[in-house]
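Quick note: numbers below take in every heavy atom, side chains included, and nothing from hydrogens, waters or symmetry partners.
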Amino acid sequence: MNDAISPSDRSWRGTPPTPDETSACQHPRATAGPAKSGSLAPALSRRAGEGDAVSLRELHANRDRAADALSLGSRRSFLKAGAAVLAAPAVWTPRKSAVAADDSQDLLLPPSPPTLPWQEELPAAIEPLQQTGAFDPAPGLSANGDSGECGRKEHQRFEEILGAPAPDPAQTDLYELRARARPDWVFHPNYPPQLAWGYEGVTAGGPQPNPTIFARYGRPAIVRLYNELPQDHVGFGSPEVSMHLHNLHTPSESDGFPGDYFSPVKAGPTLAEPGRWKDHFYPNVYAGLDQYGGIGDPREALGTLWYHDHTLDFTAANASRGLAGFYLLYDGLDSGDERDPDPAALRLPSHPYDYPLMFQDLRFDPGGIHFYDQLDSEGTLGDKVAVNGKIEPVLRVARRKYRLRLLNAGPSRFYEFYLVNAANSAQRFTYIANDGNLLPAPLLGQTRVRLGVAERADIVVDFSVHPLGTELYLVNRLQQEDTRGPKDVKAPGMRVLKILVDRTPPDVDASRVPASLRPLPSPTAAEIASARVRRWEFARKGGLWTINDRLVDVGSARATIDKGSAEIWELVNPSGGWSHPIHIHFEEGFILGKVVGGDKVAVPAHERGRKDVFVLGPNAAMRVFLRFRDFPGKYVMHCHNTIHEDHAMMVRWDIR
């Protein structure tokens with residue numbers, strides 16, 4: 001059954017905020033319920049200073065063994081129960097204020113152990129994933145169950161886009177990734193080597209977790225993902241995978257739908273059978289394939305994408321374990337070659353001076369071991385920020401322009417980044433892209449970048465203005481006390497990355513930032529006037545996170561949309577107590593208007609292009625124009641504060 005649809009209302013001023021179960025100052029934590037018979041009350045009774053790291057790890061292990069013992073059909077029931085009873089970690093301190101509406105005591109985590117900054121260096125240049133010469137068995141239209149592929153649906157438009165029944169390696173990029181556990185990852189030298197998960201792939205330097213993929217529009221790719229995670233895994237995370245390439249224009253069977261998770265012994269509710277691997281078909285076409293012909297509308301290009309786990313109910317835990325990497329996509333305009341002789345090419349800074357940076361908030365127990373409370377509907381706010389998997393690393397740069405691609409990979413912290421010198425004075429840079437989309441024109445002289453979870457920003461920094469030996473820092477000045485959202489901006493902020501200008505480049509810097517970047521396929525007045533309106537309200541109910549008062553059901557579409565149509569989606573946050581970064585799969589959208597507290601507000605310059613993440617702050621609403629083209633099938637919209645997604649602020653919608 002579809003949620004209500006109404007004709008377009010061009011006089012929209014948003015929805016006045018309505019009373020909710022909490023306010024900005026009083027949050028019930030549904031996860032810390034009273035002790036019950038057979039619960040983990042003895043472990044939960046420990047307080048900071050009385051327990052130790054081993055006790056905390058044992059608690060997590062016991063809870064996760066209990067979760068693993070359940071059938072997949074009861075996963076959601078277990079998470080609901082965990083949200084009411086089981087989820088508080090062992091080493092806690094009581095908040096003095098506190099008793100919430102459900103008589104649960106509000107509890108706080110102890111801080112992660114201190115670390116000495118700037119002890120490890122990031123590589124001077126990223127090494128992209130190498131292609132595989134051929135697959136055995138060869139990729140095909142249908143799932144190859146006899147050889148161990150999971151029970152996916154047939155690839156859409158496979159022969160049409162490949163031009164043949166099977167991929168030609170001369171015209172198709174073939175990549176292989178293996179979801180694996182490694183026991184020896186070092187987040188920081190002050191912490192012990194420990195378990196982390198990653199998508200392992202082969203680069204020029206050998207096997208690496210989460211390698212960056214370089215792809216190109218007009219050249220399809222097939223990524224074969226093997227699930228080699230240990231099926232007897234103990235601890236947070238669940239050893240099934242569903243890999244989402246955020247936000248490629250992709251057929252639904254390769255989108256990483258949350259119910260399409262698989263392992264050698266388990267299959268999600270929207271897959272036919274389990275398997276050891278799955279082929280993902282990425283056409284690398286622009287949206288508007290049917291409308292414009294060829295490979296679609298080049299105004300719809302994305303550049304900075306990322307792939308991450310999207311397993312139903314365990315996205316936060318699995319991605320926090322480490323299952324996330326970059327996918328950079330180029331075309332004739334954004335060609336990845338600053339010496340491109342084509343006069344149409346932008347010639348932005350290119351590899352090795354095109355550098356992606358992924359930020360994840362993590363929490364560590366008193367023994368320095370990463371933990372995440374997947375049963376708590378509030379999740380676990382990290383107080384350490386990993387940059388490409390390392391805490392407080394150093395990046396050495398040459399005296400020239402760099403393209404830095406910034407990604408907030410979650411799970412819950414928001415950032416407002418500033419580039420500062422040793423005296424904490426903000427440095428200026430050029431803002432060129434949001435959410436992977438080049439802006440129509442660069443924003444010059446910027447000093448800050450705010451990122452909700454899953455938002456991206458590409459900036460160009462000219463390090464040639466700094467003498468050799470200059471030390472710069474990327475700092476986060478956005479205060480955040482819990483997973484519900486950010487508070488105020490306060491200087492000087494937390495330094496998360498040191499940048500050292502340490503060399504002169506071997507070649508002359510040929511890069512530039514032109515005055516015009518990529519034109520926008522903006523909706524016309526006629527398209528807006530004729531679009532139907534669909535309203536989605538993001539709120540909290542029964543201790544969990546809902547959309548239109550309901551939890552996700554991946555087996556049932558709550559909106560069915562005709563292929564080739566367009567709609568306006570009203571996204572509404574009626575509460576003053578939290579923020580939601582809303583991600584809509586499949587196509588980019590345009591923000592038509594924003595309302596905060598019932599009043600219209602201006603759309604910031606960096607949000608006036610195309611986007612796929614829409615941050616709903618407290619008591620806020622916005623209207624987003626969306627097109628639905630080229631590929632029918634099942635997709636989702638969800639809060640990308642991934643613990644909200646898992647508990648269970650997500651909705652399935654279908655294109656027919």
Quiz item: Taking atom types as modelled, is there a side-chain donor on S242 or D260 under 3.5 Å from an acceptor on the other?
Solution: no

Practice problem: Please determine which of W653, Y635, F586 meets the ring pair (Phe, Tyr, Trp, His ring centres under 6.0 Å) test together with F628. | Solution: W653

Exercise. Sort out for me which residue in H640, H246, H638 forms a side-chain hydrogen bond (donor to acceptor under 3.5 Å, both in side chains) with H583.
Key: H246

Quiz item: Should the pair E253-R152 be classified as a salt bridge under the 4.0 Å nitrogen-to-oxygen rule?
Solution: no

Quiz item: Does the ring of F135 carry R224 above it, NZ/CZ under 6.0 angstrom from centre and within 45° of its axis?
Solution: yes

Practice problem: With V241 as reference, evaluate F314, Y226, W197, F262 under the side-chain contact (heavy atoms from CB on, under 4.5 Å) test and give the passing residue. | Solution: F262

Quiz item: If you count the non-hydrogen atoms of other residues, nucleotides and ligands that lie under 6.0 Å from CG in D146, is the total more than 12?
Solution: no

Quiz item: Is the shortest heavy-atom distance from the side chain of N641 to the side chain of P581 under 4.5 Å?
Solution: yes

Quiz item: Taking atom types as modelled and ignoring hydrogens, do the side chains of T304 and R405 form a donor-acceptor contact shorter than 3.5 angstrom?
Solution: yes

Quiz prompt | N408 side chain vs A454 backbone, donor-acceptor pair below 3.5 Å | solution = no

Exercise. Consider only side-chain N and O atoms of T311 and E240, and report whether a donor and an acceptor are under 3.5 Å apart.
Key: no

Quiz item: So, is the end of the R321 side chain (NZ or CZ) under 6.0 Å from the ring centre of F236 and within 45° of the ring's axis?
Solution: yes

Quiz item: So, K611 and E588, do they make that salt bridge, N to O below 4.0 Å?
Solution: no

Quiz item: Does W578 have its ring centroid less than 6.0 Å away from the ring centroid of H644?
Solution: no

Quiz item: Which one of L248, L305, D255 satisfies the side-chain contact (heavy atoms from CB on, under 4.5 Å) criterion with Y282?
Solution: L248

